[in-house]
Each structure stands twice: as structure tokens, then as C-alpha cells.
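What follows is a short report on a single structure.
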Amino acid sequence: MLNYFSHLDFDIELTFGFCHLSFINVFMPEMPKAYNPREVEDKIYKKWEESGAFNPDNLELAEDAEKFSIAMPPPNATGVLHLGHASMLAYEDLMIRYNRMKGKRTLWLPGTDHAAIATQTRVEKIIAKEGKTKYDLGREKFLERVKQYIEDSRHTIKNQTKKMGSSCDWSRERYTLDDGLSRAVREVFVKMYNDGLIYKGDRIVNWCPRCESTLADDEVEHKDQKANLYYFKYQKDFPITIATTRPETKLGDTAVAVNPKDKRYKKYINRVYRVDLGNGEREIKIIADREVDMDFGTGALGVTPAHSMADWQMAQKNNLPIIKIIGEDGKMNDNAGKGYKGLTVLEAREKFTQYLEENKLIEKVEEVDQSLSICYRCDTPIEPLPSKQWFVAVDKKITIKGNKYFQNKSLKDVALEVVRNKEIKIIPERFEKTYFNWMENLHDWCISRQLWFGHRMPVWYKSESRIKNQESRMKITFIRHCQSEGNAKDTPDGRRDSALTKKGEEQAKEIAKIVQAEKYDAVFSSTLKRAKQTANIIFGEKKIIYDDRLVEIDFGDLTGSRTSELDKFREAGFPNGEKYTDVAKRVKDFLEETEGKYQGKHIAIVAHSGVWKVLEHIINNKPLDSNLLNSHADLGLIEYEKINSKFQIPNSKFSDEVYVGVESPKNEDWTQDSDTLDTWFSSGLWTFSTLLDQDHKKYKTFEEWVANSPDLKKFHPMSVMETGYDILFFWVARMILMTTYATGEVPFENVYLHGMVRDKHGRKMSKSLGNGIDPIEMIEKYGTDALRLSMIVGSSPGNDLRIYEEKIEGYRNFVNKLWNISRYIIPIYVKNIESEKGNSMSKNKELDIGYWILDINYENLTLADKWILGKLSGLIEEVTSDLDNCEFSQAGEKLRDFIWSDFADWYLEISKIEIKNNTETKNVKDIILAHCLKTLLKLLHPFTPFVTEEIWSKFKHTPNPSQEGRSLLMTEKWPKFLFKAKKEDIADFNLIKNSIIAIRNLRAENKIEPAKKIKAIFIGKKTDLFKKEAGVIKKLGRLEDLVIESKKMKVEKAISTIVDGVEIHLPLEGLLDFKKELERIEKEIKENEKKIIEAGRNLANKNFTERAPKEIVEEVKEKLKNSRDAIIKLEEKKKLLF
RNA sequence: GGCCGCUUAGCUCAAUUGGCUAGAGCAUUCGAUUCACAUUCGAAAGGUUAGUGGUUCGAUUCCACUAGCGGCCACCA
């Protein structure tokens, strides 16, 4: 785009060759007519980054500079930046920039979180589109995909964070899976384990069948829905009818609970009945529990200890047996009984209600409201299941040497204490109550997850011990493919994809006869044709899972050779092909993975001789020597039951012998727990794990590492934790728990909670509603500064904020206004002051131009100068205190009002007139204008960093020559400026201002065209003042002339009003509409009468005059007097009109 | 069921420990425009501060209740 000024200059020079004008251009900053953020922002961000000033180590700071630090809440490494992130970044950057300018040692540490469940779910969805599951890929390959996905999205998020203008220190960027952070996770885990705060427990957990993982209590969401409440008896002669919305779980009932006060059932308590629900006999005990609601259902509740939290607790209290009938796959298991095994929960429900109906056991079915528990990531209904998992004990009291918090205190005690005694302050305060409520009711925290992505648990099991467990083993039946075309010719196929021969097909049909397909829980096959065909013939209708890890060894160059040739290469491996160890690797990978899923189940594998050989090696410990390798698998079924000790069985927690450590044990007999840790475990360490010295290998112990990490000393605890109230529990609470424990310090001093971003009507932004706003699109359209302002102004902590395009547009206009103010001030300032006199003005670095103004004699300033400087001084004070108190919206609003209404609409306009009327004041005026602008740029910089920095660069900044050319607004000092205007001067200015407004009003009301120049008559006090300011009043009131009189005089044929006791008349010879003017005056009189009545009532009240503050009483008296005067004058005027 | 919040102009929001005529922006209406800015300037209209009662000289502000809306937590099967 061609620039306005350079374009002009080009014309002039060529046409006239006028050197003087071209000389001016040297000092004329190039500023296009409208601010164009798109051209400016990236350039400015680059400039900041290159300056190194995002990194506090590069700032020139006082030795004892106070620290100010924020850990950026790591956006999930998934997807893209949304408005929620944008608002978080706007707030944090605002605080950071403000404190940096105040001279603090300021660090904003950015990073990303691996967000285990969210990320894994997302990648699963992506590969599902390719028709695959994570099991198709296997743990390793799947994690590879996740890594790749994260790389991409992290890059996107980082760039978008930069787009928001975030001044964070990228040199300290962290990721929860970094080497150092991962070690911190293991260290803290081990420390907690050794302190007895982490334990393995067997209890009900929230299980998501889709994620195939546990969830923490607060990762479960609730959805209201209608459900059928079934009333029925276990069998006809059972005395009590129970009610339930989940009949299928009743197959696992071991008791019926009633309220001890319930007269209906009292007599049955403690009796035991034998019942049969069609799945075998069992005992049902009648127990009493106060928690049972007598008014719900029949007041009697079937107790299912294995599949309900509440029932589990009752079972513990009453020593009831626990029957697990639903498995980890969300399906009914063996215990559910014949006919139920393998059914989904819903299928089982249908079948069971049918059974009840057939046996006439159902009394009635009622529709009730129910809240269904669902997974917060994938909305799948949660199954409560008993399971052995790892927990953090939140109530266990411990004492830690050198930790001031943990002196016979539990994690919960400390987390409550630090907020209660205000070591951590939560803004807004009301969330403290929410926090206490949550923390007080916190149960032990389940931290193990059956996900693949995340920090692996630093737990190892002694392998032998798990083999003893028969139940958990997977049973394998291996079937070699039948005769292929290659086999028939004695040229084994290897990777050549040949089909079965006729004879082969016949062989397969024979095998099919002896195979009971329904015995198998899953059938796997190699992806080669001969195996696929074999599998299809044998297993017919059963689903077959193809896995390319099961293919034959690659013979490489020898593909198509005879067996006798091949045998020579089997031990050493085939040239350009595979070795058997390669095959062993992929088959092992396959086994490890399927074992996780098919514990205690029976699978079939249809594959090749090569696969059989490595199975013999892996499972039966046969060495990979010529004996084995030159032999071949027989046709038919080959069974494997015993599993080699190298194998872990990932989800089983049956081993008694456990090793917990930061590094894996040396002895190979140990296998690591395949579970991963809850994401929030690692995020809970975020404030300090990110500050630990990342060159961690030089520290032997955790304590040493913590004690010697310089950043930790400098920046921890973080000054502010700024985040959305939605993750107060997930994250904020966990950081408090974990950090006080691990470091003996609170993680942060203040918590600032922002609200959720909503649309104009308060609705959540969502794809389905189509009301989502893409921050990047808004930045493209209106600029980052406008977006930032629209999120900060008009929002308060803890309250949701509504955002819509018109709002952003409004702030775009404001940014442009600032731009144009600068476009007016800077060129003349740079030309007149900086280029000619600037250097001689102040050589002293310490003096900024603000102090220089103080040298100007107060009396030489005009009324407008005094007013604006006084107001500016007050503004600095207010904005500073607002920002210190986290009143960001207020500060922004004040800045906007001052800049637009006071500075641009009044002072700037007046300054033009005053310069015109008295050219000698020009330099002083330019300095004041520039001073105001520079100060405003500084004040506004934390809100709108880009435009202010860009405007700043247009100044030459000569008062501080040492910084010439490299001065960044970002690192300027926060303004301090004291200018006291005299009270009476402020009052005088306001009188002038109000008079001008009154004149404008009269003109507008009476439709006097602006072009029509009229005169005005001022009668009353302050004649000198009006005479002095006549020029300004005339220009701004669009008056032709001004008559100022101190004495009373008659003014007929004029429209009139009264401002602070001064009469203003606009004579309109021949044009005056008497009737209208009369009406107007009547109206004004009435308004004044109202005021008199109100003031009179107050003053007549003794209580008021005695008790109200003096100033207020004085004010009321003054008001009363003014109104009385006004009425007298208006009445006079009224008479004149007749 | 428990806890928390909200209700002010057509819309989005203000109003410092209770005290000036309850303020802004957007939208609306009227008027202007070569001079930094139409992403502009000047002006108008728009309010029983959800309702009722109380405390107080004085309530948008404090208290109680009512109505409506929203959120969080909780083991009603």
C-alpha cells in the first residue's frame, strides 16, 4: 500500500523540486489515514521478540527488583486457539506488561499440557476415520501418531498465542512431557509413595468403557434425563419390593437396604433370604441404613456393592459380599450368569426385565428424572466398577522435615489452611467458599489411568508373581494357513501374496469342523491372502481382525526360492529381508497389546510358520536356532496357555511385590505398570516443575534439585494464577495440594478467576449453535488490540463475559481514534520540538518530558492546559490503583473516556484555537500534547500493545538520547506525574465547558444551522473569565460574537438558559418562536422547582442537617440557592417574552 | 437437596465505604462534514434500578421475603 506522506512528498519533489518541504518529510513520521493492524502487528511482535525483553534476564533491573511471575495455564495441545484462550492471554499479558513497566522482574512462562484423555480421545477419533482403532496400531505406533498430532497443534497454538501479542518468555517454554518435567512427576510420585500418601486400593472407581480408563470424581459430569423406575421383587415370596432404574445391576445385589426408622420394614432387618434371579442362588440380607430415603420408590433399595459408590459403602459397613457383574468393556461378565455374559448393559436390562415380566415380578414402571453420569471427554455413560487402582490419600496426616506446612497435617488440611489464612488470595473472594466446600468434601484421588498417552506410572511389578495368577492370562490358539500355491510348488511365499490351492481350501474346511468358533473371544489373522482365506473358511461368520504384524517373514532377495535354499539363511536373516528377531519384535508387540484387552480370554491367530516359530520362542522359551527355524508349523490347532515371564499383563494389579522408583529397576524381572498418571497430577506441579533447572541430571536427589534451581528461587511462588473458574477444582486446587507438599511453598499468591466467554445473549459458544467467534478471524478483521479491549472492558472477575462483533468493532474505532490523535500530534511535535530544540531541552536521562513541564510557570498555562494536565495526573493515579487492584475493566474504561472525550474532543480542539490565537504558545502546547500522548500510550500499552508501540516508534525520543533508535514502549517506565491544578481553575474551565455545551444545546434544539453565525449574550458573574476565553467559546459554540455583561440587562427576542448562575441568551431577531421558547422556559422552571422541593425537604429535616456529612449539606444548600436564582431569572425572562 | 451468582435504557454493561439530575457504548431520531479521524463531529430521546416489605435523614447499594434466569456441588437408588 502506498503511504500517504511519501506519496505526497514524491509529487511535490518532482513537480516543484521544493527542497524545504522534502526536508520536513525527514521528520514527518509516515502514518496512513487509518490504522492498519494487519500491516503492523507481526512486524511489532518480531521487534519485541528480537529485543529479548520477554526474558527478564535481559532486562536492566534493580538488583532487588520485586518479582512478578505468571505461569501460563497450558492450553491443551489439541486443536486451535479459541476465545477462552484469547481472553486468558489478554488478561495475563495486561498484568505482565503493566508489571514489567513498573520495573519488576517479570516472567510469563508459556507452555502446553499433554492433556492425556482429551488428546488421546481426539487422536482415536482421527484414526477411526481411517477405519482403525488404537489396537490396530499398537501402543508404540499409536503414541507416534499422538506425538505427530501434538507437534502440529502445538505449533498452531504457539503462533496464535503470538498473534494475541503475548509477551511471554519463549526461551522458557515448557511441555508437560519434557524430560525434566517428567522426572519431576516421577520424583513427586515416589516421594508421596514413600510418605504413604500414594497407595494402591481396591474400590469402586468411575470407569469410562469407551476410554477404557478410570476417571477422577470431578472428571465425571452429570446429565439430567428421564428414566424408567422399575418396581419389582426378586422372587414371588420375597417380602420387599424394591425400585431401581438399573434392573440389570440387580443381578449383582447382595442386600436390600431400608431406613431404620421405616415401620414397614423394621421387622425384616437383619434377616437373610435365599433368592434366585435366574442366574443362580444367592443370599440377600436386609440391612438398615440412615441414608435410605423412605419416600423414594418403595423406600427399599437393592444393594449392588460392585456397581454403585453408595452401595459399596454400605457393603463395607455391613460386610456384604461384592459381586462384579459388569466388566471393563462395559459388558456383562461370567458372574452375571448364563445368557447374560457378553451382553451390553442395555441388552442385559432388556433381557432381565423380560425375565421379570415373564415371572410376573414387576409391580409397576414409573418415569422419573435421573442424573446420568457421563465421561467429561466423550459423554459415554460411566460404569462404577470395583478395581485396583492407585490413589492419593488426602486425609492422611503427615510430618515432613523442613516443610512448614506439613506438621502432622494432611494434604487437605494444608490446602484449606493456605487459603483460609490468605497466603493464597482468590479473586473474586466468593470463590473461596466454593473452594472450601469442594476441598472439605474431597475423597481420595484416583490417579491411575488406563490410557496409553501420558506419564507412565513409576511402578514396577515382580514378573513371576503375576504369572501365578491364572485368571488374568490370555489363551491363544494358533492356526497355520493351509496349503498355498507356493507351498504346493515348494517355493514358500514369504511376503508374496499367493492364494490357497483347492487342496488348501479342503484342508481348511476340515479344520473348521473341529473348531468351535464361539469359543473364541477374538480371531486375528495375518493380512496375507492365504491366511485371510484360511481364517474365513474356518471362522465363517465371526469377525476377523486383520493385523499386519502377523505376516510371514520377509525373504527379501530370496522370495520365491526353494525351502532348501531358504534354510541356509534362517539363522542369519535374509538379504534385504527380515531376521526372525524382527518378526519376534512385531509379534511381541502384538501380544503385549492384545493381552491388555483380552485378559483371561481366548483368542485365535491365523498366520504363518514364521509367526509360529517366534511364538514358540516367546512363549515356550525356545531359542531361535536352526532346530526351531528350520522346522514348520503343523496344520491344525496349536494351543498356548503359558505365557513367558517377559510378558507383562498390563492392567492387572495382582502382583504383591512392587517397586516404586524414579528410575526403572536394573533387574529384568521387573515390568513396569502399563497405566499412566492422571493429567492433573503433572499439571499440579506446573508452577514449579517448569522452573526447575531443566539440566536435571546433575542433581541426584529431588531435594537437591529443588534447592539449586535458580529460576525457582527467583520466581516461585508465582505472583498470580490467572485462569477460568471452570478449572478451579481440576487444576488450581490440585496445584495447591501438590505444590505445598512437594516444595513447602504455595504455588501462587493470588488466583484471578475470569469468566466464560459467551455470545451476545449469554449462550455458550458452540459449533452446533453457529455462534462461535474465531479470535483469529476477528484479529484479521479488527486487529488484536481491538479484540483484547473488547474482552477486558466490560467484564469483571468471576463473571461470564459476553462478546459480539459490534463490540469489537467499537474498540477498533477507538484504536483508530488514538491513531488519528497521534497522526495529528506527532508530525508537528517531531518537526517543531524534537528536531530543533529537543536535544537542548533536557540532557538528563532521569527527566522525562513530564517533569520538564513542571518548570513552566503555572500561571503561563492556559485554563485548558491546567485542566487537562490535572486530569491526566489524576488519571495516572486512578489507572495505577485500578490495575493494582485487578480492576482492569475500570482502568480501560477510564482510559477510553479520557482519551476520547476529554483529550480529543475538548483539549485537542481547544489547543488548535489557542495556537491560532497565540502562536508564541505553540512550543509549550506541542510539548503538552506530546506529553499527554506519550503518557497515554504508556498507560494504554498493557491493554493495546501493538498500536501503542507502533505510535511510540513515530516519536524520536530525544529526551533520552541513550535509548535512541532502540527504545521500546514495552520497556518504558510506568508513568508517574504529579500536576496539581488549582480548584478554582478547574471550576472555571468547567463553567466555560458547560456554557459551550449549553449554547450547542440551544442551537440544536432550535435548529439553528451551524453555518448561521449568531451572537451570544452572557450576563452575570465571571465576566473577566468569559472575556479571556471568548475566542474558545466563539469557535466551539460557532458564534459570531460574544457580549459579556456583569450587570442586569433586558434581553428580549432571545432563547435563553442559565448555567451555574450565568445567563446565556442567543438573540434571534425575527426568528424566535415565542411559543416554543415559552414552553422551554416553563420546562426549565419546573425542573428547578422539583430540585427546590427536594432540597428543601432535606434541609427541613433536622436528622439530615445534623447527621449527614457537612459537604453534602453544603452541596444541597448550594443547589437550592442556584435553583432559586434560576427560577427568578427565568420568570423575568418569561415576562419579557410577553 | 446444599451452595453461589444474576435481574439497572431496545441490546451489552457501569455506579468507589449507602449521598450530586442513576452513567457509558451500540442501536434509534435530529443535525454537521474540505482544516488528525465518517472507523468522524454536535445534539436528542430512552429508567417505578424485577416485585414487596424493612433498616436509615437518605437505598441501585444493606437486610428479609417473592418471582424469573444461570452456575457449581451431592451416593435419591
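Worth knowing before you read on, the calculation uses all heavy atoms, side chains too, and leaves out hydrogens, waters and symmetry mates. Treat the numbers as computed from the prediction; the structure is a model and nothing was measured.
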Could you tell me which nucleotide pairs with [N] by Watson-Crick or G-U wobble geometry, both distances under 3.5 Å, or answer none if nothing does?
N      : value
A59(B) : none
U28(B) : A44(B)
G5(B)  : C69(B)
A15(B) : none

Using atom [atom1] in both nucleotides, what's the gap between [N] and [M] to the nearest angstrom?
N      : M      : atom1 : answer
U55(B) : G42(B) : P     : 47 Å
C35(B) : C41(B) : P     : 14 Å
A9(B)  : A45(B) : C1'   : 10 Å
G54(B) : C69(B) : C1'   : 26 Å
U7(B)  : U52(B) : C1'   : 16 Å
U49(B) : G19(B) : P     : 16 Å
U56(B) : G47(B) : C1'   : 24 Å
C72(B) : U12(B) : C1'   : 25 Å

Worksheet item: So which of residues 896-904 of chain A are in contact with RNA chain B, with a heavy-atom cut-off of under 4.0 Å?
Response: Arg896(A), Trp900(A), Ala904(A)
Discussion item. Nearest heavy atom decides the nucleotide; on that basis, is Gly762(A) or Glu909(A) closer to the 5' end of RNA chain B?
Written reply: Gly762(A)
Worksheet item: Do you know which of Thr353(A), Val365(A), Thr298(A), Thr244(A) makes side chain to side chain contact (heavy atoms under 4.5 Å, CB included) with Phe232(A)?
Response: Thr244(A)
Do any N or O atoms of the protein come closer than 3.5 Å to N or O atoms of nucleotides 73-77 of chain B, and which pairs are they?
from: C76(B); atom 1: O2; to: Asp293(A); atom 2: OD2; distance (Å): 2.7
from: A77(B); atom 1: N6; to: Asp293(A); atom 2: O; distance (Å): 2.6
from: A77(B); atom 1: N6; to: Phe296(A); atom 2: O; distance (Å): 2.9
from: A77(B); atom 1: N1; to: Asp293(A); atom 2: N; distance (Å): 3.2

Does one side chain, of [X] or [Y], offer a donor that lies under 3.5 Å from an acceptor on the other?
X         : Y         : value
Asn259(A) : Tyr265(A) : no
Tyr725(A) : Asp800(A) : yes
Asp884(A) : Ser881(A) : no

Discussion item. Tell me whether Arg1000(A) forms a cation-pi arrangement with Trp906(A), defined as NZ or CZ under 6.0 Å from the six-membered ring centre and within 45 degrees of its axis.
Written reply: yes
Discussion item. For Tyr230(A), does the six-membered ring have the charged nitrogen or CZ of Lys250(A) within the cation-pi criterion, i.e. under 6.0 angstrom from the centroid and within 45° of the normal?
Written reply: no
Check the phosphate of [N] against [X], side-chain N and O only, distance under 4.0 Å to OP1 or OP2. Yes or no?
X         : N      : answer
Lys912(A) : A36(B) : yes
Arg430(A) : G5(B)  : no
Lys807(A) : C26(B) : no

Fill in: Lys894(A), NZ atom: more than 12 neighbouring heavy atoms under 6.0 Å
yes
Item to complete: Drop me the distance from Asn1006(A)'s CG to Ile1055(A)'s CD1, to the nearest 0.5 angstrom.
Response: 3.5 Å
Among [options], which nucleotide sits nearest the side chain of [X]?
X         : options                : result
Glu806(A) : G25(B), G19(B), C26(B) : C26(B)
Asn816(A) : A43(B), C20(B), C37(B) : C37(B)
Asn820(A) : U40(B), C26(B), C37(B) : C37(B)

Fill in: Ring-ring centroid check Tyr782(A) Tyr811(A), cutoff 6.0 Å
no
Looking across every strand, which nucleic acid part, if any, lies under 4.0 Å from [X] by heavy atom: base, sugar-phosphate, or nothing?
X          : result
Ile825(A)  : nothing
Lys1091(A) : base
Arg812(A)  : base

Item to complete: Examine the base of C4(B) for any acceptor or donor lying under 3.5 Å from a partner atom in the side chain of Lys433(A), and report the outcome as yes or no.
Response: no
Does a side-chain N-to-carboxylate-O contact under 4.0 Å join [X] and [Y]?
X         : Y         : value
Lys954(A) : Glu950(A) : yes
Glu909(A) : Lys912(A) : yes
Glu805(A) : Lys781(A) : yes

Practice prompt. Figure out the CD/P separation between Glu1005(A) and G42(B), and round it to whole Å.
Written response: 17 Å
Discussion item. Looking at every heavy atom in both Leu1066(A) and Arg1003(A), which two are closest together, and how far apart are they?
Written reply: CD1-CG, 4.1 Å
Show the distances under 3.5 angstrom between N or O atoms of the protein and N or O atoms of nucleotides 13-15 of chain B.
from: C13(B); atom 1: OP1; to: Arg802(A); atom 2: NE; distance (Å): 2.9

